[in-house]
2 protein chains.
Amino acid sequence: MNESRTRRRGEELIKAIHDAALEEVIEVGAGRLTMDGIARRAATPRTTLYRRWADPIDVLLDALYHQHPVEEPTPGADDLRGDLIRALRLMVEWAFSPAGRAVAAILTDPRSVALMSDALFERVFAGRGGTFTRTVLEHYAERGHFPAALLTPVVADIGEALVTKRLIDAAAPPTDEDLAAIVDQAILPAIGLGPSSARGS
Amino acid sequence: MNESRTRRRGEELIKAIHDAALEEVIEVGAGRLTMDGIARRAATPRTTLYRRWADPIDVLLDALYHQHPVEEPTPGADDLRGDLIRALRLMVEWAFSPAGRAVAAILTDPRSVALMSDALFERVFAGRGGTFTRTVLEHYAERGHFPAALLTPVVADIGEALVTKRLIDAAAPPTDEDLAAIVDQAILPAIGLGPSSARGS
DNA sequence: AAGGTAAGATACAAGCGCGTAGCTAAGCAA
DNA sequence: TTGCTTAGCTACGCGCTTGTATCTTACCTT
């Protein structure tokens with residue numbers, strides 16, 4: 001009987017557990033996350049979990065910490081509007097990834113938030129979740145496409161904020177038209193590129 | 001021993017349980033909400049809860065449903081900017097109320113969302129949580145302060161979206177200066193009232 | 001080939017939330 | 001006052017999660 005061909009160890013096992021934690025939190029929520037649930041999903045005894053982590057949230061935060069950083073938007077040619085839309089689309093993709101969903105689940109769980117270290121918050125948020133459009137906007141501001149003074153913290157947040165609200169309000173993911181509307185009607189006017197100059201299609 | 005002077009009944013008891021449910025969900029999160037916890041906090045036997053509700057989320061949703069609708073912003077004199085700031089302040093106040101925090105806790109809990117009826121969603125959200133600035137904007141658009149065509153769904157969401165992001169990112173509530181920045185740098189430009197005409201202080 | 005490391009399979013008692021049942025007694029109305 | 005309704009109290013068995021302990025065995029290193 002060659003059933004258990006491979007017994008997972010080290011990296012491989014840990015990755016399986018991390019994945020299980022992310023899947024589990026998406027399904028049951030941060031509050032109902034248990035060692036049992038994660039272990040069952042990862043098909044490993046609980047003992048293995050306790051050897052490394054103290055509680056389910058610990059596993060989850062560790063899983064998030066070891067996620068690959070999200071892709072950075074790379075401003076391309078001379079297309080501010082298009083780059084902004086692409087940046088927002090990157091954000092939407094991240095939001096629908098296991099990591100993105102897990103972060104959403106965690107953020108409103110009192111216990112999880114309390115245990116969330118600044119380091120993780122930095123890594124998951126300030127580092128990426130919060131600034132998709134900022135990279136693009138800074139790029140074009142430096143090149144004089146619009147006054148750099150207009151690129152305030154508030155303005156840098158407009159796109160992400162509106163997409164976030166869309167994700168909360170509606171079940172379906174925003175279409176490219178939705179993202180374009182956000183860019184045209186909110187971001188571009190804020191940096192002085194109103195309908196007069198940005199009216200493309 | 002006149003300990004148990006009053007035995008609560010009907011309305012009074014239900015309100016105590018509703019309050020307990022809201023407090024409980026804020027403290028432990030939607031996932032860890034239990035009949036036991038609510039009952040303990042309301043100082044009533046679990047039996048009483050089961051007589052009316054099937055599970056903890058049921059209690060919580062009922063509590064939210066019976067909350068007083070949030071105050072509507074009332075556009076005042078001739079002060080669009082000031083009215084917008086006041087509308088956002090109303091939103092911040094609601095967000096920090098027990099009901100506001102409870103809604104936040106629920107929205108990312110898979111089980112709760114699944115049980116949330118359209119009626120409740122309507123009453124709690126579309127009805128109020130989503131549109132503080134819209135009321136104000138519509139008022140001034142009708143009076144020709146700016147082109148009504150610019151008041152798109154996206155534009156109506158800008159203020160709420162940015163405040164929401166602020167609430168998620170930062171622990172401290174936004175100050176009036178923060179709200180003013182949102183109005184000046186994001187909302188007003190979007191309706192064609194950029195720095196040239198809105199530069200107040 | 002030998003030995004150390006760590007995963008896998010049990011098993012266990014303790015604690016808690018669940019849902020129900022039975023009873024007592026307070027509040028309210030006729 | 002009588003009697004209906006309903007809150008308060010206690011208790012039970014069930015199942016799940018917890019944290020730990022013990023043993024076997026696969027994998028990796030030397």
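Residue numbers begin at 1 in each chain, while the letters A, B, ... track the order of the sequences. Just the heavy atoms: all of them, side chains too, but no hydrogens, waters or symmetry mates, feed the values below.
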Item checked: B/Arg52 CZ to C/dG19 P, straight-line distance once rounded to whole Å -> 18 Å

Check: For DNA chain C, whose closest nucleotide is more 5', that of B/Ala54 or that of A/Arg9?
Finding: A/Arg9

Checklist line | SB check A/Arg166 B/Asp157 (cutoff 4.0 Å) | finding: no

Next item on the list: Calculate the interatomic distance between B/Asp55 atom CG and C/dG19 atom P; express it in whole Å.
Entry: 8 Å

Next item on the list: Give a yes or no answer on whether the side chain of A/His139 reaches the backbone of A/Thr135 with a donor-acceptor pair at less than 3.5 Å.
Entry: no

Next item on the list: Figure out the CD1/P separation between A/Ile14 and C/dA6, and round it to whole Å.
Entry: 11 Å

Notebook entry, point to check: To the nearest Å, how far apart are A/Leu13 CG and D/dC28 P?
Noted result: 13 Å

Next item on the list: Measure the shortest side-chain to side-chain distance between A/Pro147 and A/Ile191 over non-hydrogen atoms and say whether it is less than 4.5 angstrom.
Entry: no

Notebook entry, point to check: Without hydrogens or angle criteria, can the side chains of A/Thr131 and A/Glu160 be said to hold a donor-acceptor pair below 3.5 Å?
Noted result: no

Notebook entry, point to check: Does A/Arg51 place a side-chain N or O at less than 4.0 Å from the phosphate oxygens OP1/OP2 of C/dA7?
Noted result: yes

Note to self: Below 30° counts as parallel, above 60° as perpendicular, anything between as tilted: where do the rings of A/Trp53 and A/His18 land?
What the structure shows: tilted

Check: Can you tell me how far C1' of D/dT10 sits from OH of B/Tyr50, to the nearest Å?
Finding: 16 Å

Check: Hey, which of A/Asp83, A/Asp178, A/Asp176 is the one that makes salt bridge (charged side-chain N to carboxylate O under 4.0 Å, His left out) with A/Arg89?
Finding: A/Asp176

Check: Of all of residues 16-46 of chain B, which get a heavy atom below 4.0 angstrom from DNA chain D, listed by number?
Finding: B/Thr44, B/Pro45, B/Arg46

Check: Atom CD of B/Glu12 and atom P of D/dT6: how far apart are they, to the nearest Å?
Finding: 16 Å

Note to self: Would you say A/Arg8 places a side-chain N or O within less than 4.0 Å of OP1 or OP2 belonging to C/dG8?
What the structure shows: yes

Check: So does B/Arg7 reach the base of C/dA25 with its side chain, donor to acceptor, closer than 3.5 Å?
Finding: yes

